[in-house]
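To keep things clear, I will list the structure first and then write my remarks on it.
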Amino acid sequence: FTKKRKTGKWLLPVGWLVFSLSAGIYVTYVLDLIKQVSGIWINAVNVLWYVLLSAGTILYIYYSFDLSKADAMFLCAGAYSLQHIEYVIINEVIARGVCKILLERLWDYVLMCIFTTALFYCIFYKVFHQKLKDSGGRLFEDNPSNIAFWGMLFGIVFLATFIWQAIFVSNSNTYDHVNYQGATVDFLICILLLWVQHGILQIRNINQEKEIVEHLLYERKRQYELSRENIETINHKCHDLKHQIAALRLAPEDQREDYIRELEETVHTFERLYKTGNDTLDVLLAEKQTLCAQNDIALTVLADAGGLSG
């Protein structure tokens with residue numbers, strides 16, 4: 001729904017490489033570190049790793065696409081919730097609880113993860129695509145309130161999901177007991193964030209449409225006022241013409257030429273139309289011409305509408 005930045009051309013492949021390496025680092029080093037600690041330190045290592053990964057993702061999206069910082073945080077919060085839904089359903093509930101044999105069948109496990117990830121992202125695309133497209137490429141401005149709001153909401157969801165993950169495994173890394181109630185709450189937290197985001201996008205787009213309608217109504221009202229003023233001006237000039245014609249009939253021969261010249265100037269003011277080749281520009285110039293005539297202002301126009309569409 002937005003454009004890439006100029007730096008995005010080389011950042012995109014670099015980002016893919018960096019995040020692929022980070023996955024290898026997690027499997028090779030972080031998981032090994034988790035096995036060496038116990039209790040609260042398990043969650044501390046996990047939280048620190050995902051905080052760094054989330055911060056890197058936000059920066060990566062911000063510098064790759066034409067987004068505000070608040071937009072990047074908004075998208076990353078939604079992406080985290082969507083990814084965590086897949087993680088809870090497949091990795092926690094199914095692989096660790098319902099169907100533990102899946103962990104012994106690696107290829108089946110990988111295929112299921114690919115399928116469910118594609119499924120969830122397709123659903124997300126169907127629900128959010130049009131809302132994001134209607135935003136016009138920019139969701140939120142980078143003011144302190146927007147950044148603080150999305151940062152706080154992202155942080156709350158982030159911490160809440162990790163708290164329930166701690167309940168899943170009872171502060172150990174063996175996954176011997178899966179807390180299905182905790183998994184349900186974790187799932188609902190992520191769904192709630194996505195629902196809130198969808199509602200915010202919907203309200204934002206409605207407000208944007210409202211502003212457009214209000215602007216159109218204002219322009220229509222302004223056009224009506226201009227038309228009314230033009231009609232009043234024409235009526236006033238017609239009234240003056242009647243008096244001038246009556247005076248012309250009674251005027252001496254030596255004064256008639258002055259009256260005729262004055263009549264010609266009056267008529268010339270209203271019959272002179274600009275032909276620029278663009279209808280919209282012609283109408284605007286005609287309005288300005290009438291406005292200048294009302295205030296006895298000489299209007300000179302130099303316009304080339306060749307580069308404008310009709």
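Side chains are part of it too, since the values below use all heavy atoms of this structure and drop only hydrogens, waters and symmetry mates.
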Can you check whether F74 reaches L201 side chain to side chain, under 4.5 Å on heavy atoms? yes
CZ-CG distance between F154 and L75, expressed to the nearest 0.5 angstrom: 10.5 Å
Applying the 4.5 Å side-chain criterion to the ILVMFWY set and letting contacts propagate, would I191 and L193 be lumped into a single cluster? yes
Option among I206, I200, N207 that satisfies the side chain to side chain contact (heavy atoms under 4.5 Å, CB included) test with I203: N207
To the nearest 0.5 Å, how far apart are CG in D186 and NE2 in H84? 3.5 Å
What's the spacing between M73 CE and M152 CE if we round to 0.5 Å? 10.5 Å
Interatomic distance, CG@D108 vs CZ@F115, rounded to 0.5 Å, equals 13.5 Å
Here the pair of heavy atoms bringing Q83 nearest to Y121 is CB-OH, 4.4 Å
Stepwise side chain to side chain contact (heavy atoms under 4.5 Å, CB included) check, W150 with F140: CA-CA 10 Å; W150 286 113; F140 308 100; 3.7 Å; yes
Results of side-chain contact (heavy atoms from CB on, under 4.5 Å) for T116 - residues two or more places apart only: E86, I90, M112, F120
Look at the side-chain heavy atoms of Ile, Leu, Val, Met, Phe, Trp and Tyr, link any pair under 4.5 Å apart, and say whether Y125 and I85 land in one connected group. no
Close side-chain approach of T57 to Y62, heavy-atom, < 4.5 Å: no
Y87 and V93: CA distance, side-chain angles, deciding distance, side chain to side chain contact (heavy atoms under 4.5 Å, CB included) verdict: CA-CA 9 Å; Y87 177 85; V93 176; over 6 Å; no
Apart from I212 itself, residues in the same hydrophobic cluster as defined by side-chain heavy atoms under 4.5 Å: L216
If we only count heavy atoms from C-beta on, is the L82 to C190 side-chain gap below 4.5 Å? no
Please collect all salt bridge (charged side-chain N to carboxylate O under 4.0 Å, His left out) contacts where either partner lies in residues 197-210, sequence neighbours excluded, each pair once. none
According to salt bridge (charged side-chain N to carboxylate O under 4.0 Å, His left out), does anything in residues 133-150 pair up with another residue at least two apart or in another chain? List the pairs. D66-R138, D71-R138
Nearest heavy-atom pair of N146 and A70: which atoms, and what distance? CB-CB, 4.0 Å
Taking the side chain as every heavy atom from C-beta outward, state whether L139 and L132 have any pair of such atoms under 4.5 Å apart. yes
Does one hydrophobic cluster hold both W195 and V127, with members joined at side-chain heavy-atom distances below 4.5 Å? no
Apply the hydrophobic cluster definition, ILVMFWY joined by side-chain contacts under 4.5 Å directly or through others, and give me every member besides V213. L217
Calculate, to the nearest 0.5 Å, the distance between atoms CG and CD1 belonging to L119 and I89 respectively. 9.0 Å
Rounded to the nearest 0.5 Å, what's the gap from OG on S81 to CD1 on I189? Could you check? 9.5 Å
Please name all residues satisfying side-chain contact (heavy atoms from CB on, under 4.5 Å) with E219, sequence neighbours left out, ordered by chain then number. H215, R222
Please name the pair of heavy atoms, one in G78 and one in L194, separated by the smallest distance, quoted to 0.1 Å. O-CD2, 3.6 Å
